[in-house]
Amino acid sequence: MSRLNQQKAPVFEALQKFGKNRIVPFDVPGHKRGRGNPELVGLLGQQCVGLDVNSQKCLDNLCHPVSVIREAEELAADAFGAKYAFLMVGGTTSSVQSMVLSACKQGDKIILPRNVHKSVINALVLNGAIPVYVNPDMDEKLGIALGMKVGQVEAAIRENPDAVAILVNNPTYYGICSDMQSIVKLAHQYGMLVLADEAHGTHFYFGENMPVSAMAAGADMAAVSMHKSGGSLTQSSFLLVGGKTVNPGYVRQIINLTQTTSGSYLLLASLDISRKNLALGGREAFARVTALAEYARKEINAIGGYYAYSAEMINGDSIFDFDRTKLTVNTLGLGLAGIEVYDILRDEYDIQVELGDIANILAYISIGDREREVERLVSALMEIHRKYKKDGSGMFTQEYIEPKVAVSPQRAFYAPKESLPLHKTEGRVCSEFVMCYPPGIPILAPGEQITKNILDYISYAKEKGCSMTGPEDTAIEKLNVLKEVWF
């Protein structure tokens, strides 16, 4: 039950008031309400460009908020059931990194699943913390990594009692949830913080019959990607703090190390408005989203060849719960990789799905979708089945390959290195990232040994048309590896 008036949107309201004033701008941005860049006004509109303004006393300051931004943070904390909330304009990447940097420092151990977003490992490169990976189970049929088992987490804690934090995906990109409440209880017994990457879990805070949110489970911090399922503009996010063990003043200092000092008021206002909308109508909105996703699953599974999976996968452990708004569809029954279906949908049917990997596609359904779009997707998948289905012998299925960690991410990233052709890197230690994006889960991260399985996977993903990112060599024909004399 909210304590505050969730109908308010203080940043948005301050911008509205500001827009009515006839202030002569001798500050930045230099386009001066669009007068200096008419083409930009033509693209975005005068109202949008006119509100692209700098921090002023009447609009507060994101680095040290004392008025309207501070009030917006308090409203967000209230809406999400958190102790504190920070408005973030560097994407959930910035939220995740600030969360990790706040919880641990150089030499500290952090327990985490290996199927994390690259932003988590990037944070370890920055601060020198040591990852203790809980390698998740695999669903061999679907080719996806599952959640962390409580027993796996407990074993990692007992083997590393000096770890300072545990990070949990809630949910994974594919909708898989770990037993967040049990992990929180276990971690707190050992004096460890619990951090949640909730980039894909905004709706857990507002919908009914959803998996438990990090704040409700008692987690210490959570990074929430409001622009994904929450309706705000791309690159806007919340960083939430719960409990009593995290100092929000220190978190603010960490955020200010890397976040811009020129926060976009368009992003801030979008966070403010979206929080208000979800606080007031999120329950009904996400009930519609869930119903749309369930309807789409039923129709897609009736086609044959596809498998749109859902809560029937729940096993109480590695799949403790499932996000039923996620429309993830395995395509291997068609003899097609997910990325191949992704490309056909875009190129032949003008349908852009969120993700195509080796075995699956993800159609992201949220508050802006209608039944007609879902019907169009289902019809396209039906036609793809009819036109393109083939024998699937010899296809790769596994999206996640368990890594062999040799040195810490920071040491590997900054160590002396050399560039070698892919086929000559087997057995060497990688000093950079390799991943398909999305989902942005590294196939290789700095400090991990390169194996034949990983090289085969990279070659297969390239052949199938996956969008590969990370290496210095953009063609991904070479990899940077640690010099053996150094290692």
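We number each residue from 1, following the sequence as shown.
Under the 6.0 Å cut-off for aromatic ring centres, Phe286 and Phe206 do not qualify, their centroids lying 6.0 Å or more apart.
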Please lay out, stage by stage, how Thr425 and His423 fare under the test side-chain hydrogen bond (donor to acceptor under 3.5 Å, both in side chains).
CA-CA 6 Å; Thr425 62; His423 68 276; over 6 Å; no
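Asn360 and Tyr309 share a side-chain donor-acceptor pair at under 3.5 Å. Under the 3.5 Å distance criterion, with hydrogens and angles disregarded, no donor-acceptor pair is assigned to the side chains of Glu299 and Tyr306. Side-chain polar atoms of Ser119 and Thr93 form no donor-acceptor pair below 3.5 angstrom. Glu198 and Tyr205 share a donor-acceptor pair across their side chains, judged by distance under 3.5 Å alone. Judged by distance alone, the side chains of Tyr174 and Asn330 never bring a donor and an acceptor atom under 3.5 Å apart.
Pairs of residues two or more places apart, or lying in two chains, never qualify as salt bridge (charged side-chain N to carboxylate O under 4.0 Å, His left out) while including a residue from residues 211-233. A salt bridge (charged side-chain N to carboxylate O under 4.0 Å, His left out) check over residues 464-479, counting only residues at least two apart or in different chains, returns the pairs Glu340-Lys464. Residue pairs satisfying the side chain to side chain donor-acceptor pair (under 3.5 Å) criterion with at least one member in residues 433-446, sequence neighbours excluded, are listed as follows: His117-Tyr437. Sorted by first and then second residue, the salt bridge (charged side-chain N to carboxylate O under 4.0 Å, His left out) pairs involving residues 159-179 (not counting sequence neighbours) are Lys109-Asp162. Listed by first then second residue, pairs satisfying salt bridge (charged side-chain N to carboxylate O under 4.0 Å, His left out) with a partner in residues 359-383 read Arg370-Glu373, not counting sequence neighbours.
Applying the side-chain contact (heavy atoms from CB on, under 4.5 Å) rule to Thr325 yields the partners His203, Met210, Val289, Thr290, Asp323; only residues at least two apart in sequence or on another chain are considered. Under the rule for a side-chain contact (heavy atoms from CB on, under 4.5 Å), the partners of Glu154 that lie at least two apart in sequence or sit in another chain are Arg158, Leu186. With sequence neighbours excluded, the residues satisfying side-chain contact (heavy atoms from CB on, under 4.5 Å) with Ala285 are Arg288, Ile367. In this structure Phe204 satisfies the ring-ring contact (aromatic ring centres under 6.0 Å, His included) test with no other residue, sequence neighbours excluded. For Lys417, the salt bridge (charged side-chain N to carboxylate O under 4.0 Å, His left out) criterion is met by no residue, not counting sequence neighbours. Residues that satisfy the side-chain contact (heavy atoms from CB on, under 4.5 Å) test with Ala187, not counting sequence neighbours, are Ile166, Met192, Val194.
At least one donor-acceptor pair under 3.5 Å links the side chain of Arg275 to the backbone N or O of Gln6. For the pair Arg428 (side chain) and Leu420 (backbone), a donor-acceptor distance under 3.5 Å is absent.
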Under 3.5 Å, sequence neighbours excluded: what are the donor-acceptor pairs made by side chains of residues 94-105?
| residue | atom | partner | partner atom | Å |
| --- | --- | --- | --- | --- |
| Ser95 | OG | Ser237 | OG | 2.9 |
| Ser98 | OG | Ser94 | O | 2.9 |
| Ser102 | OG | Ser98 | O | 2.7 |

